[in-house]
2 protein chains.
Amino acid sequence: MSVYTRVEAAEVTAFLRDYAVGELLDLQGIADGIENTNYFVTTRGGAFVLTLFERHAEVELEYFLELMVALADHGLACPRPIMADDGSYLRRLAQRPAALVERLAGKAVTEPSVAQCAAVGEALGRIHRIGRHVHRRRSNERGPAWWRVTADALRGVLQADTMALIDAEIAFQAAFDTQHLPRGVIHADLFRDNVLFEGERLSGVIDFYAACNDILLYDLAICLNDWCVVPDGDFDDARARAFLAAYVSGRPPVAGEAAALPAMLRAAALRFWLSRLYDLHFPRAGEITHVKDPGHFERILRLRIAQPQRTAALWPA
Amino acid sequence: MSVYTRVEAAEVTAFLRDYAVGELLDLQGIADGIENTNYFVTTRGGAFVLTLFERHAEVELEYFLELMVALADHGLACPRPIMADDGSYLRRLAQRPAALVERLAGKAVTEPSVAQCAAVGEALGRIHRIGRHVHRRRSNERGPAWWRVTADALRGVLQADTMALIDAEIAFQAAFDTQHLPRGVIHADLFRDNVLFEGERLSGVIDFYAACNDILLYDLAICLNDWCVVPDGDFDDARARAFLAAYVSGRPPVAGEAAALPAMLRAAALRFWLSRLYDLHFPRAGEITHVKDPGHFERILRLRIAQPQRTAALWPA
């Protein structure tokens, strides 16, 4: 939406009076927020990100903040929400829910190394493990029900053969039994732009505003489809092997998970193909962000369907 | 005591299984602990300090850990205790209470700049403010009752005139009314070796293992006597002014606090003079740490008595 709510230094100074972070020294708007308004806030006490939430309900924000607190409590590198004097993490600024979180060092990488993939795999395993301590629940708003309504919305604009592939994949997923797969808190959007590195060291996992309760293996599949592929969408064996090995060291798989990975890789490709198609064909008012190529995830989906055994040898013995 | 409990990597690996911090990569003993055993622990998930507590009761450790968690929650740069899978911060290793905390970057400074003094002043104000959120209580074990027993222990070994100064100061402090002075959680040992800096930026306040509930102004006095003095113990005006101004910006003083500062500076000098005298004359078995010169705090006490108006002009208008 590229929403951008302007706040002035005087408003932020007043807002910060309810936090023990010290005097405001600098305030900088961050241009690249898509769904929220973000500011870099520097005080004498530290460096923070101030987020004004434009879209989510407060009950959802409480979930995201509980998760981020739990992850930070357990030592994961992620932006810690800062507690206000009244003990809350969520307050209001400019008529919007607002939160102050730690600002982390580092930057995103576009071409991750094997070591960086291992670091993300390990972090994902830790997120899934620590997620057990989150008491609130949030369903996945981009799950099978959303796939179906989105497919129906696209029915009038897509070619018949494209639509047939989508319908067939939705049917395949509906028939696929996921009862035995462990569920928990998933990040649901752990793409390369949501992990910060200082060199090979992972300095922060960010953007927990799609997190929800769903199948853990599906979250792993989202990551493998992004972190461990060559440009055409096929896996880079070394990165995929490193990612998987690091992941399972933190969250050991149960029986049947390795066998279910090919279906989850397809589900993950379908979900992002659908959202990119939707964003392309139904751009939101005021949208100025770069529309991402849906074809990338169509290619990934076709590859995953064609090569169901592709990950069998990459999964740790 | 220079206690040092050896633990092996295999024991630490087993200990870390109850934390979501990832695989142990490196373990290094830290030689300079005086009262606890400390190790640098590096895992794939981060860098930590593992402390085995040699002296404190578990109820005291719970207080220190609650304080450190509260300070980190509110955004103060300090070592965050890492939560174990069972939700606790305090576990056991090698028959001792043990805690894993974040390892912070930076190093202590011996000759602080004006800007560094301001940063410590601000951090102290924030500690006093955030301390309101700590529910546990701990009394000051180095308070007036301890001054008296320590003075009595020293009575047989000190010169008569030295002893007379100590007795007179204890009598002065006993007659000084502190009822109107705000109390709360104090660090109680915020000397230069307990603050880390990266350049001018304060990167961490450490060693909360003397923290207790006492007079806030007394904690400020401990700091001023260490951070803002020239070698003979007199104040460096620029550093003292910067420290005080930054402190009051975070924790505004109440009426009467400025007037009570001279007495608190004397109390703070007395407390550290007494402990240094005691350590010098009654060295503990196995003691190999460097004994610090008690004369430094005797000079400071005599200066503070001789110049009761010394800080009046330094306190912010």
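We name chains A, B, ... by the order of the sequence lines, and we start the count at 1 in each one. Just so you know, these numbers use all the heavy atoms, side chains as well, and skip hydrogens, waters and symmetry mates. All values derive from a computational prediction rather than experimental measurement.
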Heavy-atom pair of closest approach, residues [X] and [Y]:
{"X": "Val21(B)", "Y": "His74(A)", "value": "CG1-O, 3.9 Å"}
{"X": "Ala20(A)", "Y": "Ile130(B)", "value": "CB-CG1, 3.5 Å"}
{"X": "Ser249(A)", "Y": "Arg44(B)", "value": "OG-NH2, 3.4 Å"}

### Query
Taking NZ, NE, NH1 and NH2 as the nitrogens, is one of them in Arg129(A) or Asp85(B) under 4.0 Å from a carboxylate oxygen of the other?
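Result for this pair is yes, salt bridge flagged.
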
### Query
Measuring heavy-atom distances to chain A, does Glu122(B) have an atom under 4.5 Å in its side chain, in its backbone, in both, or in neither?
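When you check distances to chain A, only side chain atoms of Glu122(B) fall under 4.5 Å.
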
### Query
What part of Ala70(B) gets closer than 4.5 Å to chain A, counting heavy atoms only: side chain, backbone, both or neither?
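Looking at Ala70(B), nothing touches chain A.
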
### Task
Please flag which part of Ala84(A) lies under 4.5 Å from any non-hydrogen atom of chain B: side chain, backbone, both or neither.
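Just the backbone, heavy atoms under 4.5 Å.
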
As an exercise: rank [options] by heavy-atom pairs under 4.5 Å with chain B and give me the winner.
{"options": "Asp73(A), Ile82(A), Leu202(A), Leu100(A)", "answer": "Asp73(A)"}
{"options": "Gly22(A), Ala77(A), Gly125(A), Gly45(A)", "answer": "Gly45(A)"}
{"options": "Arg132(A), Glu23(A), His133(A)", "answer": "His133(A)"}

